[in-house]
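Counting from 1, the numbers follow the sequence of the chain as shown. The analysis underlying the following values was restricted to heavy atoms, covering all of them including side chains, and did not include hydrogens, waters or symmetry mates. Whatever order the structure lists ligands and atoms in, that order sets their numbers, starting from 1.
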Amino acid sequence: MSSDDNTPPPPTSPARSSPNILITGTPGTGKTTAAGMVADAVGLELVTVGDLIKQRNLHDGYDEEFDTYWLNEDKVVDEMEEMMAGGGMCIDFHTCGFFPERWFDLVVVLRADTKNVYDRLERRGYKQNKIDENVECEIMQVVADDARESYKAEIIMELSSNTLDEMEDNVEKIAAFVSEFRRSHQ
Ligand code: DAT
């Protein structure tokens, strides 16, 4: 028997018939809204990682100053490993570099104008220091850079999310990727 027979796929291209997608971006860029629409449109299972962290205590305590939880990356990855194994997941989180590269077939980075990020976070009732930190994060392209350092360029989709029309276009583009992935991985 040749050594090529029955060789399992390499860890970077796992055999799954439905893709795992990550939707990331600075808070206020529209991740949760877009992820929910994508999951509904194409039948992916939605995981809002921020909620998971709170529900399952995957953090190292609470930061009063920034009104946020200290992320425990190892706990989050351990908790999610099994759910990612079968594919078909739509993951929504505002940072991305600590997730294993092999988990994702598409990484969407949403971008928005500073004013929109500011207004959306203000409407959400964020404290001023948290608004300022996130606006700066968007200006400095922190999440986009993190994605570029962590994932292959060909699986990253950077999309503008300033208007409802753009949001709908984005959902259509992501849904089209999912359909094509499923068609070609039957
Ligand atoms: P995130 O999950 O990135 O923090 P969100 O999905 O909660 O963002 O959206 C924040 C608010 O902004 C919410 O009220 C919906 C609105 N919003 C998001 N994307 C938008 C877009 N492209 N056009 C108009 N409003 C948008």
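For ligand 1, the 4.0 Å heavy-atom shell contains residues Thr26, Pro27, Gly28, Thr29, Gly30, Lys31, Thr32, Thr33, Arg120, Arg124, Ser161, Asn162, Thr163, Leu164, Met167.
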Self-check item: Verdict with reasoning, Asp92 to Thr32, per side chain to side chain donor-acceptor pair (under 3.5 Å)
Solution: CA-CA 6 Å; Asp92 153 25; Thr32 305; 2.8 Å; yes

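In this structure, Phe177 and Phe181 have tilted ring planes: the angle between them lies in the 30° to 60° band. The aromatic rings of Tyr69 and His59 sit tilted, their planes meeting at an angle between 30° and 60°.
Looking only at distances, a side-chain donor or acceptor of Asn170 sits under 3.5 Å from a matching main-chain atom of Glu166. The backbone N or O of Met89 sits less than 3.5 Å from a side-chain atom of Asn20, completing a donor-acceptor pair.
In the hydrophobic cluster analysis, where Ile, Leu, Val, Met, Phe, Trp and Tyr join through side-chain heavy atoms closer than 4.5 angstrom, Trp103 is grouped together with Ile155.
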